[in-house]
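Residue numbers start at 1 and run along the sequence shown. Because only heavy atoms are used, hydrogens play no part in the values below, and waters and symmetry mates are left out as well, while side chains stay in.
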Amino acid sequence: MLKTRILTASIILPFFLAALFYFQDIFWAIVLLALTVIGSREWSRLAQLSVRNTIVFMLLTTLLGGELLLQVSEAVKIDPLSTELIWIYGLSAIFWIFAVPLYLKQSFKVTKPWVWMLIGWILLLPTCLALYQLRSISPLLLLGLMATIWISDTAAYFTGRSLGKHKLAPQISPNKTWEGVAGALVAVLIYGLLWDLWSEEQSLAPVLVPLLIMMAILGIIGDLYESFVKRQANVKDSGNILPGHGGILDRIDALTSALPFAILAILVFYSPAI
């Protein structure tokens, strides 16, 4: 399994970096829309939607995602810090900061297909738009923000394995521990301080470290939420499109909660339109 994971990562990472730094905007948008539609298929599986509802959900996701990407692409041509779609990022932040913790605490079980679809769009569409707009601001900025989640996940894994004793959410994800959370936050704090030290963008300095810490916390919540949904669906992975890694949702679970918040914070603090 480890060899498979490494092989898959060695193929995906160069493609992602090439797309991030060299693809024209239209091709980047196509990649994002394709990933979003694949994610909608995986979400349909987790939500246990019928074949009919799955087809409807995927078609609507394609139409909504395409329209929103068109809107954001036109907006960022004028100003990369455009706030035209800030309401979508705000909706995502409300969902992850308030709704999901309550959802996890109360162990709600969604039964209505249309509710599953709405939740799927709140997960997928803001993430897709955040990936597009952050890249338009700076590919390096997007890579640095995504690295925050990768560092958090890695630190949580190794700290949890070596020091973990106190379970974070044993009924949802038995392997996650509070020690792992602490390790993740410390690693992200160090990463943020180093970024701040080396960064030439002084306007980002006052909120950079708090932003990255908040991203790490939201990433953990996003990870827990997908684990909770998978447990309810009685599946190990959201899909099998990535050998050794599972599905698209398995790879972006933490990003769905963290990236929309990141672009929201950047727009609120640095856009002259606010």
Indicate yes or no: at least one non-hydrogen side-chain atom of [X] is less than 4.5 angstrom from one of [Y].
{"X": "I248", "Y": "R41", "result": "no"}
{"X": "D25", "Y": "R135", "result": "yes"}
{"X": "I213", "Y": "I217", "result": "yes"}
{"X": "N175", "Y": "R161", "result": "no"}
{"X": "I263", "Y": "I137", "result": "yes"}
{"X": "W28", "Y": "L20", "result": "yes"}
{"X": "Y225", "Y": "D253", "result": "no"}
{"X": "I86", "Y": "V268", "result": "yes"}

[atom1] of [X] to [atom2] of [Y]: how many Å apart, nearest 0.5 Å?
{"X": "C128", "Y": "L35", "atom1": "SG", "atom2": "CG", "answer": "8.5 Å"}
{"X": "R231", "Y": "E226", "atom1": "CZ", "atom2": "CD", "answer": "12.5 Å"}
{"X": "T148", "Y": "W195", "atom1": "OG1", "atom2": "CH2", "answer": "5.5 Å"}
{"X": "Q48", "Y": "T111", "atom1": "CD", "atom2": "OG1", "answer": "11.5 Å"}
{"X": "I119", "Y": "F95", "atom1": "CD1", "atom2": "CZ", "answer": "5.0 Å"}
{"X": "T256", "Y": "L123", "atom1": "OG1", "atom2": "CG", "answer": "4.5 Å"}

Mark yes or no for whether [X], through its side chain, and [Y], through its backbone, hold a donor-acceptor pair below 3.5 Å.
{"X": "W116", "Y": "V110", "answer": "yes"}
{"X": "T154", "Y": "I151", "answer": "no"}
{"X": "E179", "Y": "T159", "answer": "no"}
{"X": "Y89", "Y": "T83", "answer": "no"}
{"X": "S82", "Y": "D79", "answer": "no"}
{"X": "S10", "Y": "L7", "answer": "yes"}
{"X": "Q133", "Y": "A75", "answer": "no"}
{"X": "T62", "Y": "M58", "answer": "yes"}
{"X": "K230", "Y": "D237", "answer": "no"}

Verify the neighbour count for atom [atom1] of [X]: are there more than 12 heavy atoms of other residues, nucleotides or ligands below 6.0 Å?
{"X": "F158", "atom1": "CZ", "value": "no"}
{"X": "F23", "atom1": "CZ", "value": "yes"}
{"X": "W150", "atom1": "CH2", "value": "yes"}
{"X": "F21", "atom1": "CZ", "value": "yes"}

Does [X] share a hydrophobic cluster with [Y], counting links as ILVMFWY side-chain heavy atoms below 4.5 Å and allowing steps through other members?
{"X": "F98", "Y": "L264", "value": "yes"}
{"X": "V76", "Y": "I26", "value": "yes"}
{"X": "L59", "Y": "L124", "value": "no"}
{"X": "L13", "Y": "M146", "value": "yes"}
{"X": "L63", "Y": "I30", "value": "no"}

Search all heavy atoms of [X] against all heavy atoms of [Y] and return the closest pair with its distance.
{"X": "E42", "Y": "G247", "result": "OE2-CA, 3.2 Å"}
{"X": "I149", "Y": "A258", "result": "CD1-CB, 3.6 Å"}
{"X": "I97", "Y": "P101", "result": "O-CG, 3.4 Å"}
{"X": "S136", "Y": "P80", "result": "O-CB, 3.9 Å"}
{"X": "Q71", "Y": "L85", "result": "OE1-CD2, 3.6 Å"}
{"X": "L249", "Y": "S238", "result": "CB-OG, 3.5 Å"}

Test log, rule side chain to side chain contact (heavy atoms under 4.5 Å, CB included), inputs I241 and I38: CA-CA 9 Å; I241 193 172; I38 294 171; 3.9 Å; yes
message: Does the plane of the ring in Y103 sit parallel, tilted or perpendicular to the ring in F228? Use 30° and 60° as the thresholds.
response: perpendicular
- request: Among I88, L68, L60, T36, find the one that has a side chain to side chain contact (heavy atoms under 4.5 Å, CB included) with W121.
  value: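 Of the listed residues I88, L68, L60, T36, the side chain to side chain contact (heavy atoms under 4.5 Å, CB included) partner of W121 is L60.
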field: Check against side chain to side chain contact (heavy atoms under 4.5 Å, CB included), W43 and F57
entry: CA-CA 10 Å; W43 184 252; F57 181 52; 3.8 Å; yes
message: Before you tell me yes or no, could you show the steps for T127 and L32 under side chain to side chain contact (heavy atoms under 4.5 Å, CB included), namely the whole-Å CA-CA distance, both residues' side-chain angles and the distance that decides it to 0.1 Å?
response: CA-CA 9 Å; T127 307; L32 294 182; over 6 Å; no
- request: Return the set of residues passing salt bridge (Lys or Arg N to Asp or Glu O under 4.0 Å) with K176 (not counting sequence neighbours), or none when no residue passes.
  value: D223
task: Scan for salt bridge (Lys or Arg N to Asp or Glu O under 4.0 Å) pairs involving residues 82-98, sequence neighbours excluded, and state none if there are none.
output: none
- prompt: Going through the checks in order, is the side chain to side chain contact (heavy atoms under 4.5 Å, CB included) test met by L224 and L168?
  reply: CA-CA 10 Å; L224 280 175; L168 174 62; 3.9 Å; yes
